[in-house]
Amino acid sequence: KRVAILISGGGSNMVRLVESMTGDHPARAVLVASNDPAASGLDKARAMSVPVAAVSHRAFKGDRAGFEAALLQHINATAPDILCLAGFMRVLTPAFVQRFEGRMLNIHPSLLPKYPGLHTHQRALEAGDAEAGCTVHEVTPVLDDGPILGQARVPVLAGDTADTLAARVLVQEHRLYPAVLRRYAAGDRSLLTL
Ligand code: GRF
């Protein structure tokens, strides 16, 4: 399977995904693309010899469809079977999502369906939750709402801040996403709980 990964920033999840696709793994990374040409994750992808592309969403102010059309050209040129959103911070239109529905994954830093959207760790702390975590799900037109493929949990500890909790969750993201992708690329869509 050919996998394209979309990032917006540091790409730590992308790095783990690319590193996981070796040996007898059923997938290979064929592209890392970003909405920010300055995303440091692009350099990490280059260092791992993965082709990269960048389309600045700022160059398409107010023209979401135009931005997505430009991004789609780069994506389609690599003919991916699976699209992985990894720290990708742009909302995609239903038209874009529908092109990849059933073969597009995202990782979200909460135990969905709790806390779709942003500031998930702050919200979990404010709610006094005893645990937090991350979710890999299939992407559908509704934000952070598609079928859940995997979850990993962490305890919320006394004195946690959004940053300390985010760091603890990120460690689990780096375990969960590669494990889910390996199964997904082999056609296994059963729920993985770490
Ligand atoms: C992190 O906050 C992570 O929880 C979420 O996106 C952000 C950046 O991830 N998935 P990455 O390091 O760019 O993969």
Side-chain angles (χ1 to χ4, degrees), residues 3-20 32-36 38-42 44 57-58 64 67-68 71 82-94 96-97 100-101 103-184 189-194:
V3 174
I5 305 170
L6 301 190
I7 66 170
S8 292
S12 71
N13 276 289
M14 172 276 298
V15 169
R16 270 62 175 200
L17 289 175
V18 172
E19 288 175 340
S20 75
V32 170
S34 178
N35 62 292
D36 179 355
S40 59
L42 292 172
K44 297 170 188 169
H57 67 276
R58 291 182 186 81
R64 194 180 290 271
F67 162 69
E68 291 184 349
L71 185 61
I82 297 170
L83 215 48
C84 288
L85 307 183
F88 187 69
M89 304 307 277
R90 304 300 297 171
V91 174
L92 294 163
T93 65
F96 183 101
V97 171
F100 294 97
E101 199 146 6
R103 56 197 185 105
M104 179 157 56
L105 302 182
N106 180 46
I107 189 157
H108 179 75
S110 80
L111 294 173
L112 291 174
K114 294 179 82 167
Y115 315 127
L118 297 174
H119 313 303
T120 60
H121 306 303
Q122 193 56 43
R123 291 156 66 190
L125 290 172
E126 284 163 2
D129 292 351
E131 60 178 16
C134 51
T135 303
V136 175
H137 64 95
E138 280 194 317
V139 176
T140 58
V142 177
L143 185 70
D144 298 331
D145 185 60
I148 291 175
L149 294 165
Q151 290 197 313
R153 295 168 186 278
V154 300
V156 175
L157 302 176
D160 261 336
T161 64
D163 288 345
T164 60
L165 184 51
R168 191 171 311 122
V169 170
L170 192 61
V171 169
Q172 297 307 316
E173 293 181 40
H174 295 164
R175 293 178 64 222
L176 180 67
Y177 214 168
V180 170
L181 176 61
R182 175 182 278 268
R183 293 150 60 98
Y184 193 78
R189 304 199 172 181
S190 61
L191 176 67
L192 175 64
T193 303
L194 291 188

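Numbering of residues begins at 1 and proceeds along the displayed sequence.
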*How many angstroms lie between CG in Asp163 and CG in Leu170, if you round to the nearest 0.5 Å?*
11.5 Å
*Are the side chain of Lys44 and the backbone N or O of Gly10 linked by a donor-acceptor pair below 3.5 Å?*
yes
*Between atom CG of Leu149 and atom CD of Glu138, what is the distance when rounded to the nearest 0.5 Å?*
5.0 Å
*Mind listing the closest non-hydrogen atom pair of Leu143 and Gly117 along with its distance?*
CD2-CA, 4.4 Å
*What distance separates Gln151 CD from Leu111 CG, expressed to the nearest 0.5 Å?*
5.0 Å
*asked:* In the structure I gave you, are the side-chain heavy atoms of Thr164 and Thr161 within less than 4.5 Å of one another anywhere?
replied: yes
*Ignoring hydrogens and geometry, is there a side-chain-to-backbone donor-acceptor pair from Arg183 to Ser190 under 3.5 Å?*
yes
*asked:* Ignoring hydrogens and geometry beyond distance, is a side-chain donor-acceptor pair present between Asp36 and Ser8 at under 3.5 Å?
replied: no
*Closest heavy-atom contact between Cys134 and Leu176?*
O-CD2, 3.8 Å
_If you define the side chain from C-beta out and look only at heavy atoms, does anything of Val139 sit under 4.5 Å from Leu85?_
yes
_Results of salt bridge (charged side-chain N to carboxylate O under 4.0 Å, His left out) for Glu68 - residues two or more places apart only_ = none
*asked:* Tell me the closest heavy-atom pair linking Leu17 and Ile5, and the distance in Å.
replied: CB-CD1, 4.0 Å
*Could you tell me whether a side-chain N or O of Thr135 sits under 3.5 Å from a main-chain N or O of Leu112, the two making a donor and an acceptor?*
yes
*For Arg123 against Tyr115, the heavy-atom pair lying closest together*: NH2-CA, 3.3 Å
*Does the side chain of Glu101 come within less than 4.5 Å of Pro141's, by heavy atoms?*
yes
_Run the side-chain contact (heavy atoms from CB on, under 4.5 Å) test on Arg64 and Val91 for me, step by step, so that the C-alpha distance in whole Å, both residues' side-chain angles and the decisive distance to 0.1 Å come before the verdict._
CA-CA 9 Å; Arg64 194 180 290 271; Val91 174; 3.9 Å; yes
*Atom of Ile107, atom of Ala86 and distance for their closest heavy-atom approach*: CG2-CA, 4.5 Å
*Is the side chain of Thr120 donor-acceptor paired with the backbone N or O of Pro109 at a distance under 3.5 Å, no angle test?*
yes
*For the pair His174 and Ser12, evaluate side-chain contact (heavy atoms from CB on, under 4.5 Å) and give the outcome as yes or no after the intermediate values.*
CA-CA 8 Å; His174 295 164; Ser12 71; 2.7 Å; yes
*Can you check whether Val171 reaches Val154 side chain to side chain, under 4.5 Å on heavy atoms?*
no
*For the residue pair Cys84 and Val3, what are the closest heavy atoms and their distance?*
SG-CG1, 3.9 Å
*Is there a side-chain contact between Arg90 and Leu71, using heavy atoms and a 4.5 Å cut-off?*
no
*Euclidean distance, Arg168 CZ relative to Glu173 CD, rounded to 0.5 Å*: 13.5 Å
_Distance, nearest 0.5 Å, that separates CZ of Arg153 from OG1 of Thr193_ = 7.0 Å
*Can you measure from CG (Leu6) to CG (Asn35) and round to the nearest 0.5 angstrom?*
8.5 Å
